[in-house]
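Here the structure is laid out as structure tokens; the discussion comes afterwards.
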Amino acid sequence: ICSLGNPGLKYSKNRHSIGHILLDFLVADHNGQLGQVHLPSLDGDLVEGISSLNTDLVSHRIALFKPCTYMNVSGTSIARAWQWAQKKYGQSSRLVILHDELDLSVGKLRTKVGGSSRGHNGLKSITTYIDPDQFTKFGIGIGRPTSRSPDIVAHYVLRNVPSGDMTIIMDKVYPQLWHTLANLEIGNTK
């Protein structure tokens, strides 16, 4: 599971980094079952271990990766992490990308395999290295400003997630994300 966002404290609570924010919660909710992996070639933070997404399946392994690159150039880092995971876990491994989604209202989650990046520069960067049919996108709704002006949209996504929106995301999206990932783990969805 890889997240999209921008590195550093300045961006850590931005709407554009909601993928990173929810990945951090997934790591924390694995209650110490995951261990840090130090691989300088990946240019990101990687933890792995036994998954607790589905408590009936104690043998499934999970790796969670947060690139330390800016979102718009995260494709190389995610591609290297994906190659590492396939080598370690086998070709049947699944790749999941957590990202912000302007075209979804706050509190919504969209899961999709394939298709276009719909203007999302982080997803565009990934598809430069990995075919979009090879990974599952989890779009986390952040809403959209009324204007479609690139400057206004950029300002909007680089603002911190309002506390009310974060409450909605944690109450509605996070449990749905956990449930969908658990089903993906046992092969119930793509």
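Because only heavy atoms are used, hydrogens play no part in the values below, and waters and symmetry mates are left out as well, while side chains stay in.
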Taking [Y] as the starting point, is it possible to reach [X] by hopping between hydrophobic residues whose side chains are less than 4.5 Å apart?
{"X": "Leu109", "Y": "Val157", "result": "yes"}
{"X": "Leu181", "Y": "Trp82", "result": "no"}
{"X": "Phe25", "Y": "Val27", "result": "yes"}

**Study point:** Residues forming a side-chain hydrogen bond (donor to acceptor under 3.5 Å, both in side chains) with Ser3, sequence neighbours excluded
**Key:**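 Counting only residues at least two positions away or on another chain, Ser3 forms a side-chain hydrogen bond (donor to acceptor under 3.5 Å, both in side chains) with His20.
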Pairwise distance [atom1]([X]) to [atom2]([Y]) - rounded to 0.5 angstrom:
{"X": "Leu95", "Y": "Ile130", "atom1": "CG", "atom2": "CD1", "result": "5.5 Å"}
{"X": "Thr127", "Y": "Lys137", "atom1": "OG1", "atom2": "NZ", "result": "8.5 Å"}
{"X": "Thr111", "Y": "Leu177", "atom1": "OG1", "atom2": "CG", "result": "8.0 Å"}
{"X": "Leu42", "Y": "Ser77", "atom1": "CG", "atom2": "OG", "result": "6.5 Å"}
{"X": "Asn14", "Y": "Asp100", "atom1": "CG", "atom2": "CG", "result": "10.0 Å"}
{"X": "Leu98", "Y": "Leu23", "atom1": "CG", "atom2": "CG", "result": "6.0 Å"}

Review point. For the side chain of Asn6 and the backbone of Met71, is there at least one donor-acceptor N/O pair under 3.5 Å apart?
Key: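 The answer is yes, because a donor-acceptor pair under 3.5 Å joins these two groups.
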Review point. Can you pull the salt bridge (charged side-chain N to carboxylate O under 4.0 Å, His left out) pairs that have at least one residue in residues 3-18, sequence neighbours excluded?
Key: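 Found none.
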Point to revise | salt bridge (charged side-chain N to carboxylate O under 4.0 Å, His left out) against Asp103, all qualifying residues, sequence neighbours excluded | key: Arg118, Arg144
Study note, to complete from the structure: Across all chains, not counting sequence neighbours, the salt bridge (charged side-chain N to carboxylate O under 4.0 Å, His left out) partners of Lys66 are Asp24
Review point. Just wondering, are more than 12 heavy atoms of other shown residues or ligands nearer than 6.0 Å to CZ in Arg110?
Key: yes
Exercise for review: Could you list all the ring-ring contact (aromatic ring centres under 6.0 Å, His included) pairs where at least one residue sits in residues 100-126, not counting sequence neighbours?
Suggested key: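 Sorted pair list: His16-His120, His99-His120.
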Check your understanding: Run the side chain to side chain contact (heavy atoms under 4.5 Å, CB included) check on Leu64 and Leu26 step by step: do they pass?
Key -> CA-CA 8 Å; Leu64 298 106; Leu26 283 171; 3.8 Å; yes
Point to revise | Contacts of type side-chain contact (heavy atoms from CB on, under 4.5 Å), residue Ala63, not counting sequence neighbours | key: Leu46, Glu48, Trp84, Tyr89
Review point. So do the side chains of His30 and Val47 get within less than 4.5 Å of each other, counting heavy atoms only?
Key: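 No, too far: nothing below the 4.5 Å cut-off.
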